[in-house]
2 protein chains.
Amino acid sequence: MRTSIATVSVSGTLPEKLAAIAAAGFDGVEIFENDLLACPLSPEEVRLRAADLGLSIDLYQPFRDFEAMPVPDLRRAAHKFQVMERLGADTLLVCSNVSPAAIDDDELAAAQLRSLAELAAEHGVRIAYEALAWGRHVDDYLHAWRIVRMADHPNLGTCLDSFHILSRGSDPIGIEAIPGEKIFFLQLADAPLLAMDVLQWSRHYRCFPGQGGFDLTGLVGNVLNAGYTGPLSLEVFNDHFRQADAARTARDGMRSLIALQQALGRTAHPAVPTGYAFAEIADTDALRGVLTALGFAPTGAHPSKPVQLWQQGDARLLLNATGDDPALISLGLDSPDPARAAEHAGSLLSPVLPRERAPEEAPLDAIAAPDGTEIFFCGTEWRGDFAPGGTVAGPITHIDHVALTQPWHHFDEAALFYRSVLGLRPQESLELPDPYGLLRSMAMSTAPGASTVPGTSTAPGMPAASTALGTPGVPTAPGTPAASGPGAAGGSGGRVLRLVLNLARVGAGDVPWQHIALACDDLLATARRLRAEHPELLLPIPGNYYDDLEARHDVDPCLRELGVLYDRDADGEFLHLYTVTLGRVFFEIVQRIGGYRGYGAVNAPIRLAVQHADGH
Amino acid sequence: MRTSIATVSVSGTLPEKLAAIAAAGFDGVEIFENDLLACPLSPEEVRLRAADLGLSIDLYQPFRDFEAMPVPDLRRAAHKFQVMERLGADTLLVCSNVSPAAIDDDELAAAQLRSLAELAAEHGVRIAYEALAWGRHVDDYLHAWRIVRMADHPNLGTCLDSFHILSRGSDPIGIEAIPGEKIFFLQLADAPLLAMDVLQWSRHYRCFPGQGGFDLTGLVGNVLNAGYTGPLSLEVFNDHFRQADAARTARDGMRSLIALQQALGRTAHPAVPTGYAFAEIADTDALRGVLTALGFAPTGAHPSKPVQLWQQGDARLLLNATGDDPALISLGLDSPDPARAAEHAGSLLSPVLPRERAPEEAPLDAIAAPDGTEIFFCGTEWRGDFAPGGTVAGPITHIDHVALTQPWHHFDEAALFYRSVLGLRPQESLELPDPYGLLRSMAMSTAPGASTVPGTSTAPGMPAASTALGTPGVPTAPGTPAASGPGAAGGSGGRVLRLVLNLARVGAGDVPWQHIALACDDLLATARRLRAEHPELLLPIPGNYYDDLEARHDVDPCLRELGVLYDRDADGEFLHLYTVTLGRVFFEIVQRIGGYRGYGAVNAPIRLAVQHADGH
């Protein structure tokens with residue numbers, strides 16, 4: 001299908017916008033009127049510029065407050081048609097009237113739109129009439145269609161906008177009642193599910209399909225069933241996009257349309273990763289000290305690179321001596337089909353990274369994540385490069401999750417990347433207070449979301465999660481860490497891939513922490529040993545935390561002695577502790593008991609305050 | 001009255017918050033529980049720290065989801081009372097239950113709150129029960145009071161929170177039905193008037209009294225009429241405050257309480273400024289060139305400082321040779337009583353600036369505005385220092401307004417500063433798109449707001465605005481600039497002080513423009529002369545703007561030729577043009593025709609795009 005995007009969706013001047021949109025591979029654009037008005041290029045020059053860039057001008061928008069007025073302003077319309085002729089745009093978006101002067105009379109609206117269409121026809125222009133969600137009398141897409149049908153003019157059709165339809169809670173299945181040739185245009189925007197004034201919601205919080213909470217795939221399916229053959233066009237008003245790099249935003253938008261089309265084609269993700277193969281960290285002596293204390297040991301070294309493999313159970317860390325301060329460099333993901341995973345990532349515009357390797361080394365396909373972290377899709381051959389000297393047994397079994405901090409303005413981009421490229425499913429987005437601001441945090445995983453009953457069937461391409469999450473439904477006494485369920489110790493390196501995205505705050509002084517959580521099958525014993533042998537490595541937890549915890553739950557007093565944090569949900573319990581921070585990196589050790597599905601987010605504000613206060 | 005503030009209102013760790021709050025002069029604090037939980041100090045140590053700082057602990061908060069439950073959790077309450085005893089806090093905030101398990105039964109709620117109060121009494125604690133605006137069954141302050149009265153226990157009273165009352169649209173006059181001694185606490189927060197989910201509104205957008213749209217003065221008046229004698233306590237959840245400097249936020253909060261008490265005392269502003277005496281700009285040759293082209297000429301020089309007075313009509317600019325690039329250094333305001341104006345500013349915690357002057361020079365009282373601009377309160381004596389060589393006649397008559405760009409996080413602080421310290425009234429807050437983001441912009445002036453009929457009576461301390469705004473109600477033909485009304489040419493330096501606050505965007509590359517708008521009594525003639533003699537000084541306006549303008553209004557074609565922008569409102573018309581930018585500063589020349597009250601904001605996006613695109 002043809003792809004298009006409204007110029008209002010990306011930042012910059014009109015020429016900058018057009019260049020970015022063309023570079024991202026769109027076929028066409030909607031020209032947002034204000035972008036033209038502020039542009040020193042004449043309409044003819046804009047037309048030429050777009051043509052040079054290979055972009056068609058699919059829509060000129062918006063024309064406001066026309067229909068159902070005491071006197072329709074055809075003079076203003078005639079001016080716009082002249083501009084459109086100069087611009088080479090053949091479709092004008094007319095959005096439903098919001099003026100207090102508008103009259104609640106469908107026949108009047110239809111008659112005036114018909115006269116507008118007649119005038120438009122003289123200029124070779126088509127009118128696409130759209131119901132704004134906050135239109136004064138027309139705010140529903142079926143109402144707009146009823147008026148269009150009443151007006152009955154070949155140059156008049158309707159424009160559908162997913163935001164205006166879904167934000168009102170209208171059922172998009174009614175779209176299938178509209179003849180495809182009368183759907184003159186389709187604008188797509190997603191949005192987070194917010195309870196707020198719909199006009200403000202629309203003007204500030206729209207996002208690209210797959211970044212919000214609407215079912216865009218379902219709606220576009222209805223539109224295609226109706227017989228629509230025009231472009232899929234993105235129209236997004238978003239405060240972040242307005243400030244972000246135009247080329248990056250446009251590429252992100254194109255990725256969303258590709259993912260949407262894959263979803264429409266019911267293409268399952270070809271190779272959802274099944275766990276972490278490794279995490280690669282820039283190395284220092286201090287880091288080796290912490291890892292040794294945690295029970296890790298070196299089990300191999302790369303033949304040609306200054307990289308050591310450190311291991312405990314199926315938790316594998318690559319220590320790379322090329323760095324300065326400890327920082328996460330790359331993540332290796334266990335993939336059932338690395339080549340197809342990389343190919344899928346490439347189809348979604350992820351940069352595939354060039355990589356030098358010796359002929360005898362295992363091939364590894366890598367892509368760049370939005371925050372710059374490299375992502376490797378791994379089979380098991382890569383381990384051969386490190387000539388591993390056997391596994392190190394210990395309470396730590398595998399990497400439970402990794403938490404990455406995303407740059408301001410790029411959170412939604414990252415969420416879409418991990419959702420579409422890796423096949424992760426987003427969970428609830430949280431706001432966590434720390435001493436210097438709110439942190440937005442969203443967990444994603446290959447496991448079904450918290451609202452899904454574990455062990456039930458999963459979507460195509462999604463692995464069953466129950467084996468790695470332990471046995472669901474086995475009650476455990478509060479405060480008494482029970483034996484973990486089968487599979488929690490994860491001999492497979494984990495069957496669930498869990499990732500947490502945090503949003504960095506604006507402003508200086510923010511620490512873009514990266515955090516690796518290690519799963520452990522006896523956290524209390526591990527904590528007891530660390531507390532005895534290396535107390536300086538553990539993040540100190542305030543006694544006030546335990547006063548509150550003990551008011552809320554009947555927990556074992558040893559948690560306070562050991563500095564272990566605690567959470568529970570309907571399905572199980574969670575024990576965890578943190579190390580101090582080295583460079584950008586700190587470690588968490590976690591134990592999931594029963595079917596606990598969270599990440600201990602309730603305790604994150606405590607951790608953040610201690611990290612800030614003491615520079616840990 | 002005693003002043004207090006919740007620790008959640010400012011950023012930092014608990015010890016940092018307490019220090020900032022004490023430094024701002026508050027008498028006490030509310031300890032927000034999460035701040036204590038994350039703090040390494042024990043409750044006893046926090047108690048000592050507060051005492052050392054001279055702060056009482058007025059409230060411990062919040063205790064959630066207690067009343068109207070199948071089984072009340074007195075065990076959890078007992079833990080909290082122990083913590084409060086250690087902390088030395090004698091009042092616990094209990095907010096109305098939001099749990100789905102809560103039962104809609106006032107008698108049950110009352111009985112359980114009574115048992116809570118009985119337990120509290122054993123610990124010397126009082127319970128202040130508050131209706132959350134989103135409480136499950138209790139969301140109105142009178143409903144909470146009814147339950148408190150039903151429970152009838154001396155250790156149980158109510159807590160009133162202005163946000164919870166006013167956000168629901170409840171009438172606060174009902175507060176006068178509550179005996180003052182049963183109002184155990186009063187929490188104050190203002191908020192902008194937003195149409196959104198009340199929980200999100202409360203958690204992110206609260207602000208200090210006078211920064212939002214609620215009538216806090218009226219509500220506090222009702223509370224005092226009821227006989228309340230406790231502290232005025234600020235409780236603000238605000239995303240900006242969470243990231244801002246704690247000392248600055250605390251001082252801003254204290255200023256809001258001082259202003260609130262002045263308003264309660266019906267203290268009129270003692271000396272509202274009547275116009276701009278001067279604007280002082282760091283000087284360059286290029287700036288002098290622009291001013292010469294605009295018809296300004298030097299008319300005097302300061303005897304001891306490298307400062308020249310340039311003048312045209314009553315528009316006075318001080319050119320200060322100490323700067324590098326042109327930037328606004330200070331504003332002189334015509335004050336009916338400079339000494340009282342400075343004293344008033346000092347009472348509102350504005351830093352009064354030390355100033356060196358020779359004995360023979362006129363005294364000038366100066367304060368620092370939040371963005372660092374110096375504000376001088378001026379009589380007319382200061383002009384004597386410049387030994388002025390007579391006035392320069394010309395079409396420019398006075399400074400119409402000045403627009404300042406405020407740093408991120410400090411917009412609300414600035415709005416409160418100009419409102420309380422200068423006596424300006426805020427007008428509507430606008431969002432203006434520019435190519436790289438939205439700009440928030442709010443005009444303030446000593447004139448009645450746009451919703452007030454000009455020429456009618458004004459508030460005490462406010463000057464009448466009609467003389468300076470021209471004759472209202474005289475219709476002028478569109479596109480035909482009529483002779484301006486009497487007073488628009490302003491022989492007095494303007495009787496209305498107008499200021500526009502813009503909010504700088506986050507991120508690098510933002511230009512913190514400062515902009516001086518000069519009133520002119522024949523803009524078209526001035527534009528014609530400038531276009532002929534100095535076209536390079538005028539900001540070029542795109543032809544597309546005029547295509548649209550001519551579609552909307554029947555305007556004179558000379559506007560296009562001259563590059564003059566146009567706006568109109570119900571009361572009149574506005575002609576304006578812009579110069580290119582020098583350093584941080586550009587000039588606008590404006591002509592108000594009839595009773596036009598705006599600032600041409602509709603055209604600002606055009607200007608911003610041209611300024612960005614061409615580096616003008």
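Every heavy atom of this structure was used, including side-chain atoms; hydrogens, water molecules and symmetry mates were not. In what follows, chains carry the letters A, B, and so on, assigned in the order in which the sequence lines appear, proteins first and then strands, with residues in each chain numbered from 1.
Contact count against chain A (heavy-atom pairs under 4.5 Å) is highest for E16(B) among R203(B), H240(B), Q200(B), E16(B). Heavy-atom pairs under 4.5 Å with chain B peak, among H204(A), R607(A), K17(A), at H204(A). Interface remark: of the candidates H79(A), R76(A), M196(A), H79(A) forms the most heavy-atom pairs closer than 4.5 Å to chain B. Residue with the most contacts toward chain B among G543(A), S11(A), P15(A), C39(A): C39(A) (heavy-atom pairs, distance under 4.5 Å).
How far CG of D197(A) is from CH2 of W201(B): 11.5 Å, rounded to the nearest 0.5 Å.
Using a 4.5 Å heavy-atom threshold, the side chains of L37(B) and Y546(A) count as separate. Considering only heavy atoms from C-beta on, E33(B) comes within 4.5 Å of D548(A) through its side chain.
When all heavy atoms are compared, the tightest approach of A38(A) to V610(B) is O-CG2, 4.3 Å. For G437(B) against Q243(A), the heavy-atom pair with the smallest separation is CA-CG, 3.9 Å. Contact record, E550(B) with R75(A): O-NH2, 2.7 Å, taken as the closest heavy-atom pair.
Exactly one of K80(A), R86(A), Q82(A) qualifies for a side chain to side chain donor-acceptor pair (under 3.5 Å) with D547(B). That residue is R86(A).
No more than 12 heavy-atom neighbours from other residues, nucleotides or ligands sit within 6.0 angstrom of CD on E428(A).
Under a 3.5 Å cut-off, the side chain of N544(A) and the backbone N or O of L36(B) do form a donor-acceptor pair.
With respect to the salt-bridge test (charged N to carboxylate O, under 4.0 angstrom), the residues D434(B) and R242(A) do not qualify.
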Q) L438(B) and F237(A): side chain to side chain contact (heavy atoms under 4.5 Å, CB included), yes or no, with the steps? A) CA-CA 11 Å; L438(B) 287 178; F237(A) 304 84; over 6 Å; no
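Only the backbone of L41(B) comes within less than 4.5 Å of a heavy atom in chain A; its side chain stays farther off.
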